[in-house]
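Okay, so here's the structure we're looking at.
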Amino acid sequence: MKKEVVALMNSTKTSSDKTLLVVTGPTGVGKTSLSIALAGHLQTEIVSADARQFYKELNIGTAAPTPGELAKVKHHFVGHLSVHDYYNVSIYEEQALALLEKLFEKHHVVVLTGGSGLYIDAVCHGFDELPPVDAEIRRQVDQVYRQGGLDALRPWLKSVDPEFYLQVDLANPNRIKRAIEVFLTTGKKFSELRTRKVNPRPFGVKTIVMDRPRQELFERINQRVDQMVADGLIEEALTFFGLRHLNALNTVGYKELFDWLAGSCTLVQAIEKIKTNSRRYAKRQITWFKRYPDALWVRPDDVKGILGILEERTSKK
RNA sequence: GGUACCAUAGCUCAGUUGGUAGAGCAACGGACUGAAAAUCCGUGUGUCCCUGGUUCGAUUCCGGGUGGUACCA
């Protein structure tokens with residue numbers, strides 16, 4: 001068991017400041033059960049930073065906490081949206097900060113858990129305040145992309161924001177479109193508006209990244225997909241086939257089954273593809289988390305050991 | 001037991017008229033400030049089954065093993 005984990009756990013109990021305990025890690029590593037155990041011991045609540053568990057209609061494919069799990073610890077931002085809602089990380093940042101302000105009135109420590117790195121960053125250091133982009137502008141920019149592809153987007157970006165043109169990944173349409181949208185909305189260059197400064201927060205942040213040996217993680221992911229299928233993932237996906245154009249349904253576990261339902265592959269192939277895409281997602285998450293400078297990387301067993309100690313202390317009291 | 005065919009990357013397979021090899025998938029690495037389970041970028045990671053022989057040189061040709069597969073008994 002790691003000494004750092006002990007130190008971290010103690011600090012969350014004794015610090016006089018408010019602490020946001022971030023529990024993250026790749027998909028399938030075991031965040032849900034351990035965050036519930038942690039929050040239970042700390043007698044606090046859980047704020048979700050999982051951008052797919054936000055949607056109340058999605059359950060099996062997103063490995064959302066079960067009703068039983070939700071009953072153990074109060075969760076926030078789990079199933080608070082419909083797949084029909086428009087949502088983005090900016091709205092989340094605002095809502096999460098408002099919520100945390102209230103939670104910290106009652107609790108010393110609050111647990112933030114989930115695997116959406118962008119959303120974790122939104123809470124921990126926030127993003128530059130930019131006005132929301134009008135849906136009509138988005139539609140227009142997207143139409144140009146659809147008709148002319150990157151070749152139409154690049155000169156456009158170069159003319160409105162030559163600095164960002166030099167910085168951006170010119171093969172990534174989403175990045176280019178966003179910068180153009182921001183320019184059309186504000187009349188200012190995205191490269192000037194994006195300061196990347198860290199916004200001060202009225203709480204401290206401790207980050208735990210849960211990890212496992214790669215092979216073990218991938219085996220868990222593969223098995224979890226099979227379990228999801230056994231639990232009715234196909235039936236769940238079936239009900240969303242007509243909504244597959246929605247962003248919320250552009251999600252691993254559903255989009256592959258839509259391909260099968262559309263007739264472009266077999267069911268066996270679709271399920272294999274869910275496993276592959278889940279593994280790749282986990283890999284991308286790990287890449288993201290490697291950027292966290294002060295994060296504590298732990299194996300789930302380490303945290304389990306800590307929980308055992310806490311349990312002993314609690315029961316002897 | 002006999003005959004034929006096969007043995008090359010994690011998998012399925014190409015290929016080398018003899019100069020130590022390359023595709024797909026998987027995998028690995030990375031980027032990412034309002035779609036983020038999204039969207040992008042980069043990278044072959046190899047005792048060419050083992051062992052003798054021929055040869056300047058064998059993964060390639062020849063012999064013998066071993067392990068598969070098919071057919072005949």
Side-chain angles (χ1 to χ4, degrees), chain A residues 24-29 31 48-55 58 60-64 81 83 85-96 114-135 137-139 141-142 145 150 153 164 167-182 185-186 190-199 214-215 217-218 221-222 224-225 228 233 237 245-257 265 269 272-291:
Chain A
T24 190
T27 189
V29 77
K31 294 186 293 294
S48 170
D50 186 309
R52 284 301 185 265
Q53 292 178 4
F54 293 163
Y55 300 101
L58 309 184
I60 300 171
T62 57
L81 296 177
V83 294
D85 294 334
Y86 174 73
Y87 202 67
N88 63 46
V89 72
S90 176
I91 303 170
Y92 173 79
E93 178 183 346
E94 192 181 329
Q95 292 180 342
S116 304
L118 187 75
Y119 285 70
I120 292 171
D121 289 1
V123 175
C124 295
H125 66 249
F127 299 133
D128 294 309
E129 273 191 39
L130 299 178
V133 173
D134 186 71
I137 288 177
R138 291 190 61 157
R139 198 193 60 75
V141 175
D142 189 55
Y145 172 61
L150 285 167
L153 247 30
F164 193 65
Q167 300 165 15
V168 74
D169 176 1
L170 287 169
N172 191 327
N174 285 8
R175 298 277 130 69
I176 301 177
K177 284 197 285 184
R178 168 71 180 152
I180 294 172
E181 287 164 6
V182 168
T185 301
T186 64
F190 183 61
S191 58
E192 289 175 0
L193 296 171
R194 189 184 63 155
T195 68
R196 304 179 109 156
K197 69 177 190 300
V198 173
N199 296 301
R214 192 63 64 89
Q215 194 185 349
L217 178 68
F218 282 6
I221 288 172
N222 294 342
R224 190 169 74 161
V225 171
M228 284 176 177
L233 178 63
H245 59 283
L246 295 174
N247 173 55
L249 274 312
N250 184 192
T251 298
V252 174
Y254 300 95
K255 57 183 178 182
E256 298 85 356
L257 289 172
C265 68
Q269 287 171 333
E272 271 312 302
K273 198 69 182 170
I274 292 174
K275 292 176 184 175
T276 300
N277 286 339
S278 297
R279 279 182 249 128
R280 288 176 169 170
Y281 171 50
K283 196 163 153 17
R284 272 179 272 130
Q285 288 175 298
I286 291 168
T287 297
W288 182 287
F289 301 141
K290 283 178 185 169
R291 295 198 305 201

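Chain identifiers are assigned alphabetically (A, B, ...) following the order of the sequence lines, protein sequences preceding nucleic acid strands; residue numbering begins at 1 within each chain.
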Counting only Watson-Crick or G-U wobble pairs whose two distances fall under 3.5 Å, which nucleotide matches [N]?
N     : answer
B:U47 : none
B:C61 : B:G53
B:A70 : B:U3
B:C13 : B:G22
B:U39 : B:A31

Between A:A282 and A:L217, which heavy-atom pair has the shortest distance, and what is it?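 Shortest heavy-atom separation between A:A282 and A:L217 comes out as CB-CD2, 4.2 Å.
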Which atom names give the shortest non-hydrogen contact between A:K275 and A:I221, and what distance separates them? O-CG2, 4.2 Å
When the [atom1] atoms of [M] and [N] are compared, how many Å lie between them, rounded to an integer?
N     : M     : atom1 : result
B:A58 : B:G18 : P     : 13 Å
B:U45 : B:U51 : C1'   : 28 Å
B:C5  : B:C61 : P     : 13 Å
B:G44 : B:C49 : P     : 23 Å
B:G53 : B:G15 : P     : 30 Å
B:C41 : B:G46 : P     : 26 Å
B:C62 : B:C6  : P     : 11 Å
B:A70 : B:A27 : C1'   : 33 Å

Starting at the 5' end of RNA chain B and moving along, which residue's nearest nucleotide shows up first, A:I286 or A:D50? A:I286
Given RNA chain B, 5'-ward residue of the pair A:Q285 and A:N88, judged by closest heavy atom: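 Whichever sits nearer the 5' end wins; that is A:N88.
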Is a side-chain N or O of [X] found less than 3.5 angstrom from the main chain of [Y], in a donor-acceptor match?
X      : Y      : result
A:Q53  : A:S48  : no
A:Y281 : A:V252 : no
A:K255 : A:I274 : no
A:N88  : A:I91  : yes
A:Q285 : A:G115 : yes

Figure out the [atom1]/[atom2] separation between [X] and [N], and round it to whole Å.
X      : N     : atom1 : atom2 : answer
A:F54  : B:G34 : CZ    : P     : 15 Å
A:L81  : B:A35 : CG    : P     : 14 Å
A:F127 : B:A36 : CZ    : P     : 12 Å
A:L170 : B:C32 : CG    : C1'   : 14 Å
A:D121 : B:G34 : CG    : P     : 12 Å
A:F289 : B:C32 : CZ    : C1'   : 13 Å

Base, sugar-phosphate or nothing for [X]? Non-hydrogen atoms, less than 4.0 Å.
X      : answer
A:G126 : nothing
A:Y92  : nothing
A:L193 : nothing
A:F190 : sugar-phosphate
A:Q167 : nothing

Could you check whether atom CD of A:E94 has more than 12 heavy atoms from other residues, nucleotides or ligands sitting under 6.0 Å from it? no
What's touching nucleotides 26-29 of chain B from the protein side, N or O pairs under 3.5 Å?
residue: B:A26; atom: OP1; partner: A:R280; partner atom: NH2; Å: 3.0
residue: B:A26; atom: OP2; partner: A:R280; partner atom: NH2; Å: 2.6
residue: B:A26; atom: O3'; partner: A:R279; partner atom: NH1; Å: 2.9
residue: B:A27; atom: OP1; partner: A:R279; partner atom: NH1; Å: 2.4
residue: B:A27; atom: OP2; partner: A:R280; partner atom: NE; Å: 3.4
residue: B:C28; atom: OP1; partner: A:R214; partner atom: NH1; Å: 2.8
residue: B:G29; atom: OP2; partner: A:R214; partner atom: NH1; Å: 3.1
residue: B:G29; atom: OP2; partner: A:R214; partner atom: NH2; Å: 3.4
residue: B:G29; atom: OP2; partner: A:K283; partner atom: NZ; Å: 2.6
residue: B:G29; atom: N7; partner: A:K283; partner atom: NZ; Å: 3.1

Counting primed atoms plus P, OP1 and OP2 as sugar-phosphate and everything else as base, spell out the protein contacts along nucleotides 38-45 of chain B at 4.0 Å heavy-atom distance: B, S or - for each nucleotide, 5' to 3'. BBBS----
Ignoring backbone atoms, establish whether A:Y86 has a side-chain N or O less than 4.0 Å from OP1 or OP2 of B:A35.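 Yes, because at least one side-chain N or O of A:Y86 sits under 4.0 Å from OP1 or OP2 of B:A35.
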Does A:Y119 have a side-chain nitrogen or oxygen under 4.0 Å from the phosphate oxygens OP1 or OP2 of B:A36?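 So the side-chain polar atoms of A:Y119 do come within 4.0 Å of the phosphate oxygens OP1 or OP2 of B:A36, strictly under.
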With side chains defined as the heavy atoms from C-beta onward, is the minimum distance between [X] and [Y] less than 4.5 Å?
X      : Y      : answer
A:R178 : A:V141 : no
A:I286 : A:R214 : yes
A:L249 : A:V83  : yes

If the glycosidic angle sits within 90 degrees of zero it is syn, else anti. Tell me which applies to B:G34.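 Base orientation relative to the sugar is syn.
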Within 45° cone and under 6.0 Å: A:R284 NZ/CZ vs A:W288 ring: no
